[in-house]
Amino acid sequence: MSSTDRGAGPKRLVVLISGSGTNLQTLIDATRQGSINGRIVAVISNKPGVRGLERAQSADIPALTVDHRDFQRREDFDAALAEQIESHRADLVILAGFMRILTPGFVNRFAGRMMNIHPSLLPRYPGLDTHRRAIDAGDREAGATVHFVTEELDGGPAIVQARVPIHPDDTPATLAARVLEKEHLIYPYAVKLFCEGRLGLTGQGATLDGTLLPRTGLAYLDP
Ligand code: GAR
């Protein structure tokens with residue numbers, strides 16, 4: 001049995017965070033309610049003392065810190081992180097506000113079983129400060145994207161994307177709050193699809209039930 005083939009039981013989910021963990025909280029809630037056929041078996045932060053670790057502890061989920069400042073080389077940090085993830089026998093690695101760039105070796109090790117959420121309508125605005133950049137560009141819409149992680153930063157195939165309007169009086173903070181509401185809907189949705197065995201990653205892109213998804217993923221419409 002390969003590490004990605006553990007049968008039809010609940011999937012083992014490991015969530016990586018760096019901060020407040022509101023996306024983590026929605027995943028905790030969805031797994032608890034049974035709407036996701038998965039169990040969060042560990043939460044790992046690269047920063048000690050963050051709110052997301054407290055959320056995990058409150059939910060009786062093992063909460064660990066692998067502090068990137070303890071490692072001189074990025075490869076060594078990634079190796080320690082991978083060891084923790086493997087020791088929890090993760091079926092899916094979920095980056096939820098995890099603010100470290102990962103090495104190609106790490107990314108390839110978890111290819112097809114690692115996803116990220118990014119606060120923009122990818123492929124627009126990879127990287128940081130997405131909301132300010134969208135406002136400054138005069139965009140009428142912003143949003144969030146869940147995507148498979150590949151070697152290209154914020155460039156992996158999209159799974160699902162949700163859009164919100166940008167209002168004339170928006171600041172990066174007001175826009176971020178509107179986008180975050182959508183993040184809290186699309187991340188549990190994408191994880192649910194994965195746990196049902198419906199998502200795949202091929203050389204051409206992400207698939208749902210074996211069919212290639214558009215480059216921007218599924219368009220999420222509010223239920
Ligand atoms: C979210 O907005 C997420 O999209 C973003 O960080 C925030 C984490 O919030 N991620 C990135 O910018 C990754 N490049 P949370 O800790 O409350 O879930």
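Heavy-atom basis, side chains included; hydrogens, waters and symmetry copies ignored. Every number for a ligand or one of its atoms is a count from 1 in the order of the listing. Nothing fancy with the numbering, it's 1 onward along the sequence.
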When you check the side-chain N and O atoms of T22 and H184, is any donor under 3.5 Å from an acceptor? yes
If the contact criterion is a heavy-atom separation under 4.0 Å, does [X] count as touching ligand 1?
{"X": "G52", "value": "no"}
{"X": "Q25", "value": "no"}
{"X": "I117", "value": "yes"}

Donor-acceptor pair, side chain of S35 and main chain of A30, under 3.5 angstrom: yes
Quick check against the 3.5 Å criterion: does D78 have a side-chain atom that pairs as donor or acceptor with the backbone of L102? no
Does D139 pair with R124 as a salt bridge, N-O distance under 4.0 Å? yes
Considering only NZ, NE, NH1 and NH2 on the basic side and carboxylate oxygens on the acidic side, decide whether D209 and R198 come within less than 4.0 Å. yes
Quick check on [X]: does its [atom1] atom have over 12 non-hydrogen neighbours (other residues, nucleotides or ligands) under 6.0 Å away?
{"X": "R133", "atom1": "CZ", "result": "yes"}
{"X": "R51", "atom1": "CZ", "result": "yes"}
{"X": "R109", "atom1": "CZ", "result": "yes"}

If you have a sec, work out which protein heavy atom is nearest [atom] and how many Å separate them, to one decimal?
{"atom": "atom 9 (O) of ligand 1", "answer": "N23 ND2, 4.1 Å"}
{"atom": "atom 15 (P) of ligand 1", "answer": "T22 N, 3.4 Å"}
{"atom": "atom 14 (N) of ligand 1", "answer": "H118 ND1, 3.6 Å"}
{"atom": "atom 13 (C) of ligand 1", "answer": "M99 SD, 3.7 Å"}
{"atom": "atom 16 (O) of ligand 1", "answer": "G21 N, 2.8 Å"}

A144, G97, P119: member with heavy atom nearest to atom 7 (C) of ligand 1: G97
Atom indices of ligand 1, in the order listed, that fall short of 4.0 Å to a heavy atom of E183: 1 (C), 2 (O), 3 (C), 4 (O)
For ligand 1, find out whether one of its N or O atoms is nearer than 3.5 Å to an N or O atom of D154. no
Polar proximity ligand 1 side, F98 side, N/O cut 3.5 Å exclusive: no
